[in-house]
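We count ligands from 1, going down the list as the structure has it; atoms in each ligand are counted the same way.
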Amino acid sequence: MWGLALALLCLPLGEGTLRIPLRRGRSIWEVMREKGLPEGFLNNLRGDPGRKYQLSGAVAYEPLMNYLDTFYFGEVSIGTPPQNFLVIFDTGSSNLWVPSTYCQSPACEDHTRFNHSLSSTFLGIDVTYTLRYGFGDLSVVLGYDTVTIQNIVIRNQEFGLSLYEPSRPFYYLDFDGILGMAYPGVAISGFNTLMQNMLQQNQLSEPIFSFYFSRNPTYSYGGEVILGGVDPQLYSGEVLWAPVVQELYWKISIEEFSIGYSVTSWCSQGCHGIVDTGTFLLTIPGQFMAALLQALGAEESDYGFLVDCSSVPNMPTLYFAISGAWLSLPPTVYVLENDGICTVGVESTYVPSASGQPLWILGNLFLRQYYSIFDMANNRVGFALAT
Ligand SMILES: *[C@@H]1O[C@H](CO)[C@@H](O)[C@H](O)[C@H]1NC(C)=O
């Protein structure tokens, strides 16, 4: 029932179609430079990514819960004293919002709502916005307050307090709100994103964050988002780095795609892939969907793209060429099993690529196989085999 909504989750509709005004955001690099970091600091960062930096600030290990093997969400607090919310840590959008007591719709009443009257640090501003996501829209009014994630405290953070949330899909979701971690260029214009403030307020020991999604998630432990660092116990081997090609989403180049040993040439003119923790499935450019399903022997049905569970071990591994290396996605990762029904966890990409390259979205399905590191200083994404 939620197949489509799940795939569409959290990535705002097509670049440039957002209703919120788009602004070409300054890179965090520029922001950091403006802040007057010590001479050579950024060069060191660029030249020697592996070293530890003598920044103040912390590393926060935020556990993620998992719902039906689809959503991964964690807890954040807003206000003084803190009010707690379950949010998706979404690299495919850039705003933070939570339900609020301004909102009377059933979707809000069914979730934890932020009551601004109870927070001594809240500052309201009379600005409303409509936030658009792949699965639906909601309207918010903006305010500022303290946001706490584990040991990290961000003061005067702009966030959205929902005014109205349509029942579909919000009533049915197990999380309350969304915490966007993409670039400022897709955020509401004129306000710092949470990640910008985390850096400016010196809350992170390194200007990175990373994700681990468990391959055998339970409701109580689905994985982790690590703010300000990585957890080497959660991956093995080398980190492969891919530069961000456009600083709006965490968008990288995909140089080639192969089904087993058969190279498709689908990306011979270049493909782009958005690394998105707010999309569940792997989404592939619509024009290649039929060919992929045929190659995998999958059939379209009400449940999704069905395959015979007994044939999964014989299905081909998918390979993505990224930064000159092949990243593999074996059938045990891209086929989802639910009550004896096996489906291929792919969907058509619903956003056109602004620059014309076929667009993929590397969602949670891909990110369960690869621990991902988002490097805000060097504008690159790292992948390493998840443990
Ligand atoms: C919000 O808190 C105020 C102050 O305690 C209270 O009067 C009000 O009823 C609360 N609103 C809701 C909707 O719970």
Chi angles and distances behind the side chain to side chain contact (heavy atoms under 4.5 Å, CB included) call for R215, Q369
CA-CA 8 Å; R215 276 183 261 189; Q369 181 77 345; 3.1 Å; yes
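- The ring pair (Phe, Tyr, Trp, His ring centres under 6.0 Å) test with F383 singles out one residue from Y371, W241, F366, W326, and that residue is F366.
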Could you pull out every N or O of ligand 1 that sits under 3.5 Å from a protein N or O, with the distance for each pair?
unit_1, atom_1, unit_2, atom_2, d
ligand 1, 2 (O), N115, OD1, 3.4
ligand 1, 2 (O), N115, ND2, 2.4
ligand 1, 11 (N), N115, ND2, 2.9

Compile the donor-acceptor pairs under 3.5 Å between side chains in residues 311-322 and protein atoms, sequence neighbours left out, one pair per line.
unit_1, atom_1, unit_2, atom_2, d
S311, OG, D308, O, 2.7

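- If you check the side chains of D145 and T121, you find a donor sitting under 3.5 Å from an acceptor.
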Sequence neighbours left out, cut at 3.5 Å: what donor-acceptor pairs do the side chains of residues 82-89 make with other protein atoms?
unit_1, atom_1, unit_2, atom_2, d
Q83, OE1, N115, N, 2.9
Q83, NE2, N115, O, 3.0
N84, OD1, S77, OG, 2.8

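- Partners of S100 according to the side chain to side chain donor-acceptor pair (under 3.5 Å) rule, which considers only residues two or more places apart in sequence or in another chain, do not exist here.
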